[in-house]
Amino acid sequence: MPPTTCCCDGLHRGTADRPARLVVFDFDQTLSCVHVFKILAGWEQEQLAVDPPFALTEWGQVRRIFELNATEPFNKNGGFALAAFGGPDRVKMLRRLLCLLADRGVKVVICTRGLTGTVKKCLHDVGLDGLISEVFGNTADCYGQHDYDEEIAFGRTTSTEQFYAASSQECRFEWDSKDKLIEQVMLEFDPVLDRSQVIFVDDDAQEIEMGQRVSRTIWVSEAEGITPEHCQMIGRWTQPKKDKKGSKLPKPKEDSRTDPPLNARTDRRSSVHSTYSRGPF
C-alpha cells in the first residue's frame with residue numbers, strides 16, 4: 001500500500017522544489033466525503049442513506065439529486081450535495097483551498113470514474129464549480145440502467161437536467177487510466193511541465209500507485225474526503241518561491257447559485273469530458 005503522501009521517484013536534480021502548477025483531484029471520497037455515485041446507484045447506503053429509486057445513468061442521477069434536494073432531510077439542510085461534501089464548514093475549507101490555487105495560477109481538474117453530470121451538479125450546488133477548470137469522467141449509461149433510468153430516458157429529460165448530463169460531448173483525450181489522462185493534461189497545459197509540478201489526489205491506492213509515474217501524489221487513505229492536513233500539504237507544494245514565508249488560505253468567497261433556467265441550452269463547449277473506465281470502481 002502506498003504511503004499517505006509520496007513524491008514520484010527519479011525527479012531531476014533541482015526540480016523537486018518547483019511549485020506545482022497542476023492539481024488533479026479524484027471526486028468520490030476525495031473532494032466529497034462519501035461515494036456519491038455508489039450512493040445514488042444504490043450500491044452504498046451506510047455512508048449516506050437515500051431512499052429509492054436508484055439511478056446508474058447521468059440523467060438518472062442528476063434527476064435524483066434534484067428530487068432529493070426537495071425532500072427531507074436534505075431540503076432542510078442545504079441539499080444532497082452539501083451532505084455529500086461533509087457540511088458547510090468543510091465546503092468552506094475546500095473553497096479556501098481552491099481560491100488559493102486560483103490565486104496562484106494553478107490549474108485544477110477533476111478525474112473521476114463516476115459520472116460527469118453528477119459531479120457537475122454536486123459542484124454547482126455547493127458553489128465550487130467555478131473553481132474547477134475541467135471534469136473528466138464517464139457519461140451516459142456506461143454502467144447500465146435501472147428501471148428508473150429507463151423511465152426517464154435522456155430524450156425526455158428537461159433542458160436543465162441536460163445542462164448537467166451533457167453526455168453527447170466527445171472527449172479530446174484517449175485514456176483508460178488516470179495516469180494516462182494526467183500525462184495528456186500536462187502536455188496540453190505546458191509541454192515542459194515536470195512531474196514535480198503536478199499533484200494527483202485520490203483515495204484509491206491502486207490509482208495512487210499508478211499516478212506516481214507522472215506526478216506527486218497524495219493518498220486520502222481514510223477515503224472520507226481530503227482533510228485540513230491534505231489542504232495544507234497542497235498549499236505547501238504549490239507555494240511560489242517568492243512566498244516562502246507562507247500565506248494563509250484565503251477566506252471563502254460567498255457564492256449564491258441557482259440552477260440554469262429551464263430553457264438553458266447545453267453548452268457543448270462545457271469543460272466536461274468522457275471516457276469509459278476500466279470497470280465499476
Side-chain angles (χ1 to χ4, degrees), residues 20-32 35-38 40-41 56-59 61-62 81 84 94 98 101-102 106-124 126 128-143 162-191 193 195 197-204 206-218 220 225-226 234 266-281:
R21 298 179 52 218
L22 171 65
V23 179
V24 181
F25 287 104
D26 173 47
F27 181 72
D28 288 302
Q29 301 180 145
T30 298
L31 285 180
S32 68
H35 206 300
V36 172
F37 174 86
K38 289 184 178 181
L40 294 175
L56 285 171
T57 64
E58 264 192 302
W59 60 86
Q61 291 203 349
V62 169
L94 293 175
L98 294 173
L101 297 178
V106 176
K107 183 180 179 72
V108 177
V109 304
I110 290 174
C111 179
T112 178
R113 295 192 182 277
L115 299 168
T116 57
T118 305
V119 173
K120 282 182 66 178
K121 175 59 176 164
C122 288
L123 291 171
H124 177 277
V126 295
L128 297 179
D129 52 333
L131 296 169
I132 305 293
S133 297
E134 300 184 83
V135 178
F136 298 89
N138 286 291
T139 61
D141 58 353
C142 66
Y143 288 112
Q162 291 179 32
F163 175 84
Y164 297 106
S167 59
S168 61
Q169 297 180 29
E170 296 182 357
C171 182
R172 67 181 185 278
F173 296 137
E174 293 289 337
W175 61 282
D176 57 7
S177 63
K178 292 185 179 182
D179 60 309
K180 292 180 181 178
L181 183 279
I182 293 169
E183 279 188 310
Q184 295 179 76
V185 174
M186 288 170 63
L187 286 172
E188 182 180 78
F189 178 53
D190 186 344
L193 203 64
R195 288 176 291 176
Q197 296 175 284
V198 182
I199 303 171
F200 172 45
V201 190
D202 203 296
D203 68 294
D204 186 293
Q206 182 178 348
E207 300 282 14
I208 286 294
E209 185 175 1
M210 295 172 67
Q212 291 175 28
R213 181 178 64 85
V214 296
S215 65
R216 286 172 152 180
T217 58
I218 295 178
V220 186
I226 60 173
I234 294 169
T266 300
D267 184 355
R268 295 189 180 276
R269 297 170 297 176
S270 174
S271 55
V272 179
H273 308 283
S274 64
T275 184
Y276 287 94
S277 73
R278 56 175 164 78
F281 308 96

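Values reported hereafter were calculated over all heavy atoms of this structure, with side chains retained and with hydrogens, waters and symmetry mates removed.
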#### Entry: Test: Lys107 and Asp190 ion pair at under 4.0 Å
no
### Query
What is the minimum heavy-atom distance between Ser177 and Arg113, and which atoms define it?
CA-NH2, 3.6 Å
### Task
Heavy atoms only: give me the nearest Leu181-Phe136 pair and the separation to one decimal.
CD2-CD2, 4.0 Å
### Summary
From the list Val106, Leu131, Leu31, Val23, side-chain contact (heavy atoms from CB on, under 4.5 Å) partner of Leu98 resolves to Leu131
### Task
List for me each residue that meets side chain to side chain contact (heavy atoms under 4.5 Å, CB included) alongside Ala20, sequence neighbours excluded, and say none if there are none.
Ile199, Thr238
### Interatomic distance, Leu115 atom CG to Lys120 atom NZ [nearest 0.5 angstrom]
13.0 Å
### Task
Apply side chain to side chain contact (heavy atoms under 4.5 Å, CB included) to the pair Val220 and Asp26, showing each step before the final yes or no.
CA-CA 10 Å; Val220 186; Asp26 173 47; over 6 Å; no
### Check: Gln61 side chain, Gly117 main-chain N or O, donor-acceptor pair, under 3.5 Å
no
#### Entry: Heavy-atom check, side chain of Phe200 versus side chain of Asp202, under 4.5 Å
yes
### Query
Taking only residues two or more places apart in sequence, or in another chain, which ones meet Phe27 in a ring pair (Phe, Tyr, Trp, His ring centres under 6.0 Å)?
Phe85
### Task
Check Val214 against Asp179 and note the closest heavy-atom contact, atom names and distance.
CG2-O, 3.9 Å
### Message
Within the structure provided, determine whether Ile132 and Val119 are in side-chain contact (heavy-atom separation under 4.5 Å).
### Response
no
### Query
Would you say the side chain of Leu128 lies within less than 4.5 Å of the side chain of Leu94, judging by non-hydrogen atoms?
yes
### Summary
Between Ala81 and Cys122 the two heavy atoms that sit nearest each other are CB-O, 3.7 Å
### Query
Out of curiosity, Gln212 CD to Thr217 OG1, how far, rounded to the nearest 0.5 Å?
4.5 Å
### Task
Working to the nearest 0.5 Å, report the span between CZ of Arg213 and CZ of Arg195.
9.0 Å
### Query
Any Lys/Arg nitrogen of Lys38 or Asp28 sitting under 4.0 Å from an Asp/Glu carboxylate oxygen of the other?
no
### Close side-chain approach of Glu58 to Thr116, heavy-atom, < 4.5 Å
yes
### Task
In sequence, state the C-alpha distance, the side-chain angles, and the governing distance for Tyr143 and Thr57, and then conclude on side chain to side chain contact (heavy atoms under 4.5 Å, CB included).
CA-CA 7 Å; Tyr143 288 112; Thr57 64; over 6 Å; no
### Message
The criterion is salt bridge (Lys or Arg N to Asp or Glu O under 4.0 Å); which residues satisfy it with Asp203, sequence neighbours excluded?
### Response
none
### Query
Side chains of Ile226 and Val201: does their closest heavy-atom pair fall under 4.5 Å?
yes
### Message
Looking at every heavy atom in both His35 and Gln29, which two are closest together, and how far apart are they?
### Response
N-CG, 3.7 Å
#### Entry: Heavy-atom closest contact (Leu193 atom, Met186 atom, distance)
O-CE, 3.7 Å
